[in-house]
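Hydrogens, waters and symmetry mates play no part in the numbers below; they use all other heavy atoms, side chains included.
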Amino acid sequence: MVTRVYADDGETVIGEFALEKRIPLRYEEIPPVMKNAILAVEDARLLRHVGIDPIRIIGAAWKNLTSDKVEGGSTLTQQLAKNLFLSKEQTSNEDERNGRWALQIERLLHQEFRNMELYANHIFLGANAYGVEAGAELILESRRGPDYW
């Protein structure tokens with residue numbers, strides 16, 4: 001979480017402190033266009049699998065074998081498991097544990113809104129910004145320019 005220091009007026013932010021900039025949102029606060037973008041890019045079949053998607057894995061494997069492009073077959077839930085519990089290594093052992101964690105997450109949460117909420121609040125978007133709200137604020141800050149303060 002971000003610790004913000006406000007000026008006497010109670011509204012002007014004069015400083016922010018955090019190792020990772022996170023500003024959590026509830027599912028209802030995530031704009032529908034962001035939800036749709038995440039689903040379109042990461043896991044269009046979110047409600048039709050159990051945490052791992054054999055169809056997606058087979059499709060990615062086929063594409064990797066028949067073209068020069070490399071495509072991943074992980075679902076949104078598998079990516080969430082990796083972000084929450086696992087290292088960033090790409091080994092078959094890590095992929096297997098990733099799949100097991102994804103199955104557990106689906107079994108316990110099996111709700112689109114919980115998976116989407118957790119994913120949207122944990123994805124890394126650069127410059128220590130984790131989650132869509134922190135990423136959006138990062139963009140706004142960059143548009144204000146260095147002389148904003």
Side-chain angles (χ1 to χ4, degrees), residues 1-6 11-64 69-146 148-149:
M1 296 284 294
V2 176
T3 299
R4 290 191 171 127
V5 178
Y6 291 91
E11 292 187 22
T12 306
V13 177
I14 59 174
E16 293 183 336
F17 305 95
L19 294 175
E20 298 176 350
K21 185 171 184 176
R22 290 185 195 271
I23 305 165
L25 296 175
R26 291 186 321 274
Y27 178 79
E28 303 79 31
E29 296 173 313
I30 302 168
V33 70
M34 176 57 74
K35 293 175 195 172
N36 290 336
I38 289 171
L39 288 176
V41 172
E42 302 298 344
D43 193 354
R45 294 173 36 81
L46 178 64
L47 298 177
R48 295 187 296 263
H49 60 69
V50 294
I52 57 174
D53 187 354
I55 294 171
R56 186 170 178 156
I57 293 169
I58 292 167
W62 178 255
K63 189 168 191 171
N64 293 343
K69 296 180 180 179
V70 177
E71 184 174 302
S74 63
T75 63
L76 185 139
T77 310
Q78 286 175 285
Q79 293 176 49
L80 178 61
K82 185 174 187 173
N83 287 338
L84 292 175
F85 305 116
L86 303 173
S87 71
K88 304 300 181 216
E89 293 178 35
Q90 282 296 116
T91 66
S92 58
N93 191 27
E94 287 291 316
D95 287 342
E96 182 183 326
R97 288 193 325 195
N98 186 4
R100 287 196 309 254
W101 275 111
L103 290 171
Q104 287 287 60
I105 289 171
E106 259 323 290
R107 188 176 67 80
L108 295 172
L109 297 179
H110 194 64
Q111 301 164 343
E112 175 195 0
F113 74 90
R114 284 300 295 154
N115 286 355
M116 176 67 71
E117 182 179 290
L118 287 168
Y119 183 83
N121 285 317
H122 281 86
I123 57 174
F124 176 68
L125 296 170
N128 278 349
Y130 289 81
V132 296
E133 181 68 15
E137 285 200 7
L138 183 68
I139 290 170
L140 288 175
E141 288 170 12
S142 70
R143 289 184 179 168
R144 290 180 183 140
Y148 174 69
W149 300 109

Closest non-hydrogen atom pair between Tyr130 and Ala134, with its separation: O-CB, 3.6 Å

Test ring pair (Phe, Tyr, Trp, His ring centres under 6.0 Å) applied to Tyr6 - qualifying residues, sequence neighbours left out: none

Glu133 side chain near Arg22 side chain, heavy-atom distance below 4.5 Å: no

Test item: Thr75 side-chain N/O and Gly51 main-chain N/O as donor-acceptor pair under 3.5 Å: yes

Derivation and outcome, side-chain contact (heavy atoms from CB on, under 4.5 Å), residues Gln78 and Ile52: CA-CA 7 Å; Gln78 286 175 285; Ile52 57 174; 3.5 Å; yes

Gap between atom CD of Glu137 and atom CD1 of Ile23 - 0.5 Å precision: 3.5 Å

All side-chain contact (heavy atoms from CB on, under 4.5 Å) counterparts of Leu125, not counting sequence neighbours: Ile123

Short side-chain to backbone donor-acceptor contact, Asn121 and Leu25, under 3.5 Å: yes

Which residues share a side-chain contact (heavy atoms from CB on, under 4.5 Å) with Asn36, sequence neighbours left out: none

Worked check of side-chain contact (heavy atoms from CB on, under 4.5 Å) between Thr77 and Leu46: CA-CA 8 Å; Thr77 310; Leu46 178 64; 4.0 Å; yes

Any residue meeting side-chain contact (heavy atoms from CB on, under 4.5 Å) with Arg26, in chain and number order, not counting sequence neighbours: Glu28, Glu29, Glu117

Residue pairs passing the salt bridge (charged side-chain N to carboxylate O under 4.0 Å, His left out) test where at least one lies in residues 48-61, sequence neighbours excluded: Arg45-Asp53

